[in-house]
Amino acid sequence: MNTPYEPSRALTAKLARKILPYRARNEIRFHIDRPIVSFTFDDFPRSAITNGSDLLETLDWRATFYVASGLMGTHNHHGEQFNAHNITDLRERGHEIAGHTFSHSDCDQMGITKTLAEIERNTSALEAMGHTLPIEHFAYPFGAANACLKQALQNQFKTVRGIVPGVHRNKADLNGLYSTPIFSGEKLQHALAQIEGLKTSHGWLTLFTHDIRENPSEWGCTPEEFKRIVNAVQATGALVLPIGEALQHLEKHRI
Ligand SMILES: [Zn+2]
């Protein structure tokens with residue numbers, strides 16, 4: 001299997017990623033008296049359903065799936081990917097279908113024109129799978145973006161999510177939502193600490209992962225680890241909502 005693509009680790013690229021949250025913002029300010037958690041799954045492998053959203057459903061929780069349609073029916077480092085039936089089935093069960101690029105390509109490298117074409121191709125492919133609702137939310141593959149893209153995609157989506165970890169407290173940049181990884185090992189502790197922190201300082205936490213299975217990729221977790229996250233979220237008494245419903249809730253609590 002090919003080595004998975006990763007964005008540049010050069011110092012300039014790292015610096016650009018560090019300042020991006022402060023550029024081209026579309027800010028919402030809110031006050032909430034109960035924490036909110038959004039579970040999100042990227043790409044996505046089928047194990048995100050069988051070991052992820054199926055468990056969430058037992059608590060009557062729903063999630064957001066950011067779909068890269070070009071991965072449909074393939075097998076990669078995250079394992080077996082979704083099929084068309086999964087998309088319509090998830091939607092019928094109340095989950096939210098959101099966008100990624102069609103080919104899971106790096107938007108920062110592609111630039112605006114190609115990114116918009118990839119998004120269009122992804123939306124058309126989702127329609128062909130039977131998903132005809134508008135795609136209102138998007139996540140950058142690899143979290144790779146720049147200020148021009150942030151500005152351009154503001155007209156296309158209600159929210160755009162990255163992969164910078166953090167809790168939204170009193171405000172969120174709808175052009176660049178934070179998201180905390182549910183990844184195996186040390187990073188899991190960071191997620192658990194942020195969840196614990198919701199008990200004393202309310203905010204909106206979005207979580208993301210990929211494969212959920214024994215021996216996961218470095219961008220996934222084990223079923224046991226996912227269960228620990230779910231239990232921790234449950235202990236906070238948070239409202240658990242897909243991204244779109246969380247946004248609606250925050251809009252009602254604007255300050
Ligand atoms: Zn992805």
Side-chain angles (χ1 to χ4, degrees), residues 1-9 13 17 20 38-53 63-84 86-87 90 95-111 114-123 125-126 129 131 135-146 149-150 153 156-157 159-166 175-184 187 191 206-213 216-221 226 229 242-244:
M1 200 170 292
N2 295 335
T3 310
Y5 172 86
E6 283 189 75
S8 168
R9 290 186 177 185
R17 284 199 283 271
L20 190 59
S38 299
F39 283 89
T40 72
F41 301 102
D42 290 10
D43 297 3
F44 60 88
R46 292 183 72 166
S47 62
I49 300 176
T50 50
N51 294 322
S53 62
T64 298
F65 290 77
Y66 292 97
V67 184
S69 300
L71 297 177
M72 180 175 72
T74 65
H75 191 104
N76 64 13
H77 56 288
H78 296 307
E80 189 186 357
Q81 296 286 312
F82 70 97
N83 60 35
N86 294 144
I87 301 294
L90 284 170
H95 297 282
E96 178 176 47
I97 302 301
H100 226 23
T101 60
F102 178 86
S103 312
H104 204 272
S105 31
D106 180 325
C107 299
D108 184 31
Q109 293 296 313
M110 283 194 297
K114 281 188 185 168
T115 297
L116 293 179
E118 274 272 327
I119 287 169
E120 180 64 40
R121 193 176 173 199
N122 197 41
T123 305
L126 282 166
M129 289 177 217
H131 184 79
I135 301 297
E136 297 180 324
H137 305 276
F138 177 82
Y140 290 109
F142 320 103
N146 57 52
L149 280 166
K150 282 185 75 175
L153 296 199
Q156 300 257 325
F157 300 106
T159 71
V160 178
R161 206 213 70 204
I163 58 167
V164 175
N175 287 349
L177 294 180
Y178 295 141
S179 202
T180 296
I182 308 173
F183 291 173
S184 259
K187 283 193 175 165
T206 88
L207 299 163
F208 79 100
T209 195
H210 297 88
D211 45 318
I212 305 174
R213 54 182 175 164
S217 71
E218 82 180 88
W219 302 277
C221 67
F226 189 75
I229 293 287
I243 296 287

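Remember, it's 1-based here, ligands and their atoms both numbered in the order they're listed.
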- Query: Would you call Phe41 and Thr209 a side-chain contact if the rule is heavy atoms closer than 4.5 Å?
  - Reply: yes
- Do the charged groups of Asp42 and Arg161 touch, with an N to O distance under 4.0 Å? yes
- Query: If we ignore angles and hydrogens, is there a donor and acceptor under 3.5 Å between the side chains of Thr206 and Thr40?
  - Reply: no
- Return yes when at least one N/O/S atom of His104 is nearer than 2.8 Å to the Zn ion (ligand 1), and no when none is. yes
- Message: Restricting to N/O/S atoms, is Asp42 within less than 2.8 Å of the Zn ion (ligand 1) or not?
- Response: no
- Query: How wide is the angle at the Zn ion (ligand 1) between OD1 of Asp43 and NE2 of His100, to the nearest 10°?
  - Reply: 100°
- Between Asp43 and Tyr66, is a side-chain hydrogen bond (donor to acceptor under 3.5 Å, both in side chains) present by the stated rule, with each step listed? CA-CA 6 Å; Asp43 297 3; Tyr66 292 97; over 6 Å; no
